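In what follows, a structure is listed as structure tokens, so that the remarks can point back to it.
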Number of protein chains: 2
Amino acid sequence: MTGAERPRRRGPYAKTAARREQIIDEAYRLFSLKGYHASSLRDVATAAGMSQSNLQHHFAGKEELLLAVLARRDELRGGDLPGDEGASFERHIVAQAKANESVPGLIALYSVLAAEATTEGHPARDYFLERYETLQAEYTAEFEALRRAGRLRDGVDPAIAATTVVALWEGIQLRWLYTPDAIDASATLRAYLELVLTA
Amino acid sequence: MTGAERPRRRGPYAKTAARREQIIDEAYRLFSLKGYHASSLRDVATAAGMSQSNLQHHFAGKEELLLAVLARRDELRGGDLPGDEGASFERHIVAQAKANESVPGLIALYSVLAAEATTEGHPARDYFLERYETLQAEYTAEFEALRRAGRLRDGVDPAIAATTVVALWEGIQLRWLYTPDAIDASATLRAYLELVLTA
DNA sequence: GTCTATACGATGATAGAC
DNA sequence: GTCTATCATCGTATAGAC
């Protein structure tokens, strides 16, 4: 019970954390490549160089692994657009949509999960509920700021515009997954923003 | 080989057809309620009052059953809006979106499948590819007609408007599945149409 | 043609030894 | 922390009764 007997916190914990990161890396890669349902825990475990049971020692179930992958996705997404702090709202959105085209597997994963998770009791349901709430609040604030700047077209409701941008974005990405050559996601988003904003 | 020896076509075939309809009914109900992946063939078979093996005598695999359910969906959808032949394009879309709110399970099924089917080799992929192509052509033609009538706002591309309506529609339905009380799907669609159309 | 019974490989999950 | 062993359930396939 003395302090000397207590293991150093950076020891085993660091290894466990590293092991978790390693698993998430492989799960992220496989989920993005083949999809969530098509990837088995044994596949992920083998890719990470361990047994399936050992993987489940770090992640209680496939659901928990899925949530970890989604969290990883958000981290990576934040780094997609370095140095656009001063960029305008519409430029930010269009640029982000453009950047998404470089990770189709990730978009596919996100789209499928967003639809799957509508089911009551789905492990990722809370994730998407929170995400939509955050996006709705952020975008509504942006459109309200634009209205104060006199750049929002008369008669346009900021909240409805925010809902429209989010819904249109997800819908257009789905279309893009089917026919990437026939759909220009960022251009379609830009067209809506140009319709709703002035000068 | 004579005509007299040939069995009456309405006999066994009629029973088979009825059996198929019965299976589709239950599959439709379960898929809408719990989703495609979460519903097993054994569940569907039990609900239809038969063994799983017998179900597979009528439908070679789960994929074939899925396509039959999708076809059933289109039949039901056609009857959702009786007598709107003379309705305008925007009224038709808004009314259809409104009608969809009465069948949430159906919307959930459609949304999940639309995302799932982006995967290469998914049984429903061709269904959605065809559907999107048809909708894109129909809506583009509608917007072009509106432009000829002088009702399309200057600078709006009919094809992009068509893509936007389809994408926005699917995206807004997804949002509606999460928070039905917070999202007014038909009002959001109407807002876009009012933005892009005049008088 | 219609149906039941049975078995196969793969999956997500769990228990317990070391 | 890592493993082997085991389990119920999944989609699928086949054999055979009526």
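Computed from heavy atoms alone, side chains included, the values below leave out hydrogens, waters and symmetry copies. Chain identifiers are assigned alphabetically (A, B, ...) following the order of the sequence lines, protein sequences preceding nucleic acid strands; residue numbering begins at 1 within each chain. Keep in mind that what you see is a predicted model, and the values were worked out from it rather than measured.
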Side-chain N,O (A:H37) to OP1/OP2 (C:dT11) below 4.0 Å: no
Between P of C:dA13 and CD of A:E64, the distance in whole Å: 10 Å
Exam field: side chain A:S111 to backbone A:A108, donor-acceptor pair closer than 3.5 Å: no
Nearest-angstrom distance from the residue atom CE of B:M50 to C1' of C:dG1: 14 Å
Rounded distance in Å - CZ (B:F59) to C1' (D:dA13): 18 Å
B:E90 (side chain) donor-acceptor with B:E194 (main chain) under 3.5 angstrom: no
Test item: A:R20 side-chain N/O and A:H58 main-chain N/O as donor-acceptor pair under 3.5 Å: yes
Any A:H57 side-chain nitrogen or oxygen under 4.0 Å from OP1 or OP2 of C:dT14: no
Nearest-angstrom distance from the residue atom NE2 of A:H58 to C1' of D:dG1: 6 Å
Atom pair distance, as rounded to whole Å: CD in B:Q56 and P in C:dT6: 17 Å
Presence of B:S40 side-chain N/O under 4.0 Å of D:dT9 phosphate oxygens OP1/OP2: no
Contact under 4.0 Å: B:R19 side-chain N or O vs C:dG1 OP1/OP2: no
Euclidean distance, atom CZ of residue B:R42 to atom P of D:dA13 [Å, nearest integer]: 13 Å
Nucleotide D:dA13, atom P - distance to CD of B:E63 in whole Å: 10 Å
Flag side-chain contact, heavy atom, 4.5 Å: A:R175 against A:T188: no
Phosphate-side-chain proximity, A:S51 and D:dC3, N/O vs OP1/OP2 below 4.0 Å: yes
B:W169 and B:Y139 aromatic ring geometry - parallel, tilted or perpendicular at 30°/60° bounds: parallel
Whichever of B:S53 and B:D43 has its nearest DNA chain D nucleotide further upstream toward 5': B:D43
Short side-chain N/O contact to D:dG1 OP1/OP2 from A:N54, under 4.0 Å: no
Spacing between A:R20 atom CZ and D:dG1 atom P, to the nearest angstrom: 11 Å
